[in-house]
Amino acid sequence: MGVVNLKMQLAGFNAPLTIGFVIDAFDGSFNGTVLLLVSFGVVCFIAFMTLKSDKENFMTEHPQTIPAVK
């Protein structure tokens with residue numbers, strides 16, 4: 001749990017710095033920042049869509065669990 005918390009704290013520290021550097025690189029325009037955030041969102045969406053559900057494996061490993069919906 002500590003490692004996850006550390007990574008979240010580092011991300012919270014680095015995000016404003018990164019956004020500030022991108023704004024400076026684009027001469028005060030927020031266009032680069034918007035593109036950066038949209039690209040991160042697209043990467044997260046693609047990663048989420050590639051996750052696979054192992055419902056069959058869960059039911060064979062835990063037969064005592066009663067599913068709410070089949």
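When a residue number appears, it is its place in the shown sequence, counting from 1. In this text the structure is predicted, and so the values were computed from the model without any measurement.
By the criterion of side-chain heavy atoms lying less than 4.5 angstrom apart, applied directly or through intervening Ile, Leu, Val, Met, Phe, Trp or Tyr residues, Phe45 is grouped together with Leu51 in one hydrophobic cluster.
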Under 3.5 Å donor-acceptor pairs involving side-chain atoms of residues 10-20, not counting sequence neighbours:
residue : atom : partner : partner atom : Å
Asn14   : ND2  : Leu10   : O            : 3.3
Thr18   : OG1  : Asn14   : O            : 2.8

Please tabulate, for side-chain N and O atoms in residues 27-39, each donor-acceptor pair with protein atoms closer than 3.5 Å (sequence neighbours left out).
residue : atom : partner : partner atom : Å
Ser29   : OG   : Asn31   : N            : 3.2
Ser29   : OG   : Asn31   : ND2          : 3.2
Ser39   : OG   : Leu35   : O            : 3.2
Ser39   : OG   : Leu36   : O            : 2.7

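By the 4.5 Å side-chain criterion applied to Ile, Leu, Val, Met, Phe, Trp and Tyr, Met1 is assigned to no cluster and stands alone.
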